[in-house]
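We're numbering straight along the sequence, starting at 1.
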Amino acid sequence: MLKILTNGNWSVHKVNTYWFLGFIEVMEDQYLPDYITQNYEVFDRFTFDYIFRRLLADGYNHENAMDTILHNCVLSALVMQERIYNRYYFEICVSQTVSPDLAGLQRDIFSKALTNSN
């Protein structure tokens, strides 16, 4: 097969390309944390913040965490706008359980759920 693809001629560039493609295939999903593989569809800001905080806790900096999420997750337009385009991800830190902008939303959701259940 390789002989057909290369026409029997090997060059430095072809060898480097084959090595790189093999490296990508090996690295594909083996080293991703479980919390990314289980939450690869990120449609809300709570899930994005959860994954981002876990990456920060694992030692990633903000840029590397963002690159990891962009490469391995499917993001909604809301997450893209509110977290990435507005660069809010720089304000996320490990010590917070809920981001300040989502705390009010979470409080409203819980209060509506409590009033509707009665």
Side-chain angles (χ1 to χ4, degrees):
M1 179 75 157
L2 290 177
K3 189 174 184 179
I4 294 170
L5 292 174
T6 60
N7 295 330
N9 298 324
W10 285 92
S11 68
V12 174
H13 299 292
K14 290 179 184 177
V15 170
N16 288 339
T17 302
Y18 284 118
W19 178 84
F20 181 69
L21 292 174
F23 177 75
I24 289 175
E25 184 176 338
V26 168
M27 294 292 292
E28 186 101 3
D29 284 334
Q30 289 182 350
Y31 299 102
L32 287 177
D34 289 338
Y35 54 86
I36 291 181
T37 56
Q38 294 167 356
N39 296 301
Y40 68 93
E41 294 177 337
V42 181
F43 297 131
D44 62 288
R45 295 171 288 176
F46 290 101
T47 305
F48 176 85
D49 289 0
Y50 166 74
I51 294 172
F52 200 83
R53 279 191 187 87
R54 291 286 306 262
L55 288 170
L56 291 177
D58 285 350
Y60 287 76
N61 65 25
H62 285 78
E63 289 296 328
N64 290 340
M66 177 55 54
D67 291 343
T68 302
I69 290 173
L70 287 174
H71 181 73
N72 296 297
C73 298
V74 178
L75 304 174
S76 69
L78 176 67
V79 171
M80 289 292 289
Q81 176 67 36
E82 294 294 324
R83 291 295 186 252
I84 298 170
Y85 183 73
N86 292 343
R87 303 180 68 82
Y88 187 83
Y89 64 93
F90 282 115
E91 298 177 24
I92 297 173
C93 64
V94 179
S95 62
Q96 299 171 332
T97 55
V98 176
S99 297
D101 67 325
L102 296 179
L105 177 63
Q106 187 178 32
R107 199 170 31 255
D108 291 343
I109 291 170
F110 286 138
S111 67
K112 285 180 183 178
L114 289 175
T115 56
N116 287 340
S117 66
N118 292 332

| field | Side chain proximity check, Cys93 to Leu56, heavy atoms < 4.5 angstrom | value | no

| request: Taking the side chain as every heavy atom from C-beta outward, state whether Arg54 and Tyr60 have any pair of such atoms under 4.5 Å apart. | output: no

| remark: For Gln96 and Ser99, the nearest pair of non-hydrogen atoms, with its separation, is OE1-CA, 4.2 Å

| field | ILVMFWY cluster membership beyond Phe46 - transitive side-chain contacts under 4.5 angstrom | value | Val98, Leu102, Leu105, Ile109

| task | Among Ile, Leu, Val, Met, Phe, Trp and Tyr joined by side-chain contacts under 4.5 Å, find the other residues sharing a cluster with Phe110 and list them by chain and number. | result | none

| With sequence neighbours left out, what residues match Glu91 under side-chain contact (heavy atoms from CB on, under 4.5 Å)? |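 Only Tyr88 meet the side-chain contact (heavy atoms from CB on, under 4.5 Å) criterion with Glu91.
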
| field | Any residue meeting side-chain contact (heavy atoms from CB on, under 4.5 Å) with Gln38, in chain and number order, not counting sequence neighbours | value | Asp34

| message | Test side-chain contact (heavy atoms from CB on, under 4.5 Å) on Leu55 and Asn64; report intermediate values, then the result. | response | CA-CA 9 Å; Leu55 288 170; Asn64 290 340; over 6 Å; no

| Partner set under salt bridge (charged side-chain N to carboxylate O under 4.0 Å, His left out) for Asp44, not counting sequence neighbours | none

What about [X] and [Y], same hydrophobic cluster or not, with Ile/Leu/Val/Met/Phe/Trp/Tyr joined at side-chain heavy-atom distances under 4.5 Å?
X: Val94; Y: Ile92; answer: yes
X: Ile69; Y: Phe90; answer: yes
X: Tyr89; Y: Leu70; answer: yes

| note | From the list Val74, Leu78, Ile51, side-chain contact (heavy atoms from CB on, under 4.5 Å) partner of Val42 resolves to Ile51

| message | Suppose we screen for side-chain hydrogen bond (donor to acceptor under 3.5 Å, both in side chains). Which residues come up paired with Arg45, at least two apart in sequence or across chains? | response |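 With neighbours one apart ignored, the set is empty.
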
| task | Only counting residues at least two apart or in another chain, list the ones meeting side-chain hydrogen bond (donor to acceptor under 3.5 Å, both in side chains) with Tyr35. | result |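 For Tyr35, the residues satisfying side-chain hydrogen bond (donor to acceptor under 3.5 Å, both in side chains) (neighbours in sequence not counted) are Asp58.
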
| field | Residue list, ring-ring contact (aromatic ring centres under 6.0 Å, His included) with Phe48, at least two apart or on another chain | value |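 In terms of ring-ring contact (aromatic ring centres under 6.0 Å, His included), with neighbours along the sequence ignored, Phe48 is linked to Phe52.
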
| request: Could you note down all residue pairs passing salt bridge (Lys or Arg N to Asp or Glu O under 4.0 Å) where residues 69-89 supplies at least one of them, sequence neighbours left out? | output: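 Qualifying pairs: Asp49-Arg83, Arg83-Asp101.
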
| field | Reported OG1-to-CD distance for the pair Thr68 and Glu63, which is rounded to 0.5 angstrom | value | 11.0 Å

| remark: In this structure, OG1 of Thr47 is separated from CD of Glu41 (nearest 0.5 Å) by 10.5 Å

